[in-house]
Student: 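Below you will find the structure I want to go over with you.
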Amino acid sequence: MSDWEKRIAELGVEVPGPLPTGGLYAPVVVDAGVAYTSGIVAVAGPPIRTAYPGCVGSDLSVEEARASARGAMLSTLAQLRSVLGDLNRIERFLKVTGYVRAASEFTELPTVLDGASNLLVEIFGDERRSARTTVGVAALPGGASVELDATVRLRD
């Protein structure tokens with residue numbers, strides 16, 4: 001079995017602590033060996049606040065948006081760790097859906113989500129790439145620029 005926690009440490013990546021929820025939902029639901037995350041954004045702090053707020057293509061550059069996607073994936077890992085106990089229970093990310101708050105003329109949505117996907121490849125390896133969907137939206141919670149949700153297969 002791979003030791004994802006060790007790999008994260010070797011990369012010098014810091015996964016934040018669990019994040020507070022902002023509504024009547026579970027941050028992660030585990031059912032039949034699969035974990036489903038709620039929408040999660042990048043955070044900064046303390047105090048915890050939305051990182052990289054704004055609209056991509058008008059307020060934020062592609063590089064800032066990629067950092068937001070990476071941060072949202074770190075937040076996703078934090079929520080998974082808080083529910084699973086550690087990240088070594090993860091076998092594979094099956095699907096990541098990314099929502100990008102973008103100006104109407106902005107079309108580089110997949111490039112933005114590469115920030116999240118690159119982090120997963122760094123940790124879990126290229127052979128475990130997930131499926132992915134990227135959608136441009138007009139608004140996200142807390143003014144966030146990127147929000148992610150994920151479907152993750154777990155080890156027994």
Student: Check whether Ser75 reaches the backbone of Val41 with its side chain - one donor and one acceptor, N or O, closer than 3.5 Å.
Tutor: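 A pair under 3.5 Å: yes.
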Student: Working to the nearest 0.5 angstrom, can you tell me the gap between Glu10 CD and Glu122 CD?
Tutor: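 Going from CD on Glu10 over to CD on Glu122, the span is 12.5 Å.
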Student: Flag the pair Val137 / Glu147 as yes when at least one side-chain heavy-atom distance between them is below 4.5 Å, and no otherwise.
Tutor: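 Contact flag for Val137/Glu147 side chains = no.
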Student: Looking at Thr50 and Ala144, would you say the former's side chain and the latter's main chain have a donor-acceptor pair under 3.5 Å?
Tutor: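 Not at all, since once roles are kept as given, no pair shorter than 3.5 Å links the two residues.
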Student: Quick one: are Trp4 and Asp86 in side-chain contact, heavy atoms under 4.5 Å?
Tutor: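 The answer is no, as the side chains (C-beta and beyond) never meet within the 4.5 Å cut-off.
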Student: Drop me the distance from Met73's CE to Leu80's CG, to the nearest 0.5 angstrom.
Tutor: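 The distance works out to 9.0 Å.
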Student: Go through it in stages, so that I can follow the logic: the residues are Val146 and Val112, the test is side-chain contact (heavy atoms from CB on, under 4.5 Å), and I'd like the CA-CA distance, side-chain angles, deciding distance and then a yes or no.
Tutor: CA-CA 9 Å; Val146 176; Val112 170; 3.8 Å; yes
Student: Can we say Arg129 and Asp126 salt-bridge, meaning some charged N sits less than 4.0 Å from an Asp/Glu carboxylate O?
Tutor: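 Answer for the salt bridge query: yes.
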Student: Determine the sole option in Asp3, Val13, Leu119 for which the side chain to side chain contact (heavy atoms under 4.5 Å, CB included) test with Ile8 is passed.
Tutor: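 It is Val13, the one option of Asp3, Val13, Leu119 that forms the side chain to side chain contact (heavy atoms under 4.5 Å, CB included) with Ile8.
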Student: Side chains of Leu84 and Leu154: does their closest heavy-atom pair fall under 4.5 Å?
Tutor: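 Yes; the side chains approach each other to less than 4.5 Å.
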Student: Please tell me if the side chains of Val29 and Val83 come closer than 4.5 Å, counting only heavy atoms from C-beta onward.
Tutor: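 Contact flag for Val29/Val83 side chains = no.
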Student: For the residue pair Leu77 and Ile123, establish whether any side-chain heavy-atom pair is separated by less than 4.5 Å.
Tutor: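 They are in side-chain contact.
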Student: Side chains of Ile48 and Pro20: does their closest heavy-atom pair fall under 4.5 Å?
Tutor: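 Ile48 vs Pro20: side chains touch.
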Student: Looking at Tyr36, is its backbone amide N or carbonyl O close enough to the side chain of Thr151 to form a donor-acceptor pair, meaning the two atoms are under 3.5 Å apart?
Tutor: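 Between the backbone of Tyr36 and the side chain of Thr151 there is no qualifying donor-acceptor contact (under 3.5 Å).
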Student: Is any side-chain heavy atom of Asp114 closer than 4.5 Å to a side-chain heavy atom of Arg66?
Tutor: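 A side-chain contact exists here, since the closest heavy-atom pair is under 4.5 Å.
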Student: Taking C-beta and beyond as the side chain, do Pro16 and Leu74 meet within less than 4.5 Å on heavy atoms?
Tutor: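 Pro16 reaches Leu74 side chain to side chain.
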Student: To the nearest 0.5 Å, how far apart are CZ in Arg132 and CZ in Phe93?
Tutor: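 So the gap between those two atoms works out to 13.5 Å.
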Student: Atom CD of Gln79 and atom OG1 of Thr37: how far apart are they, to the nearest 0.5 Å?
Tutor: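 Separation between the atoms: 8.5 Å.
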Student: When rounded to the nearest 0.5 angstrom, what distance separates OG in Ser38 from CG in Leu148?
Tutor: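 It comes to 12.5 Å.
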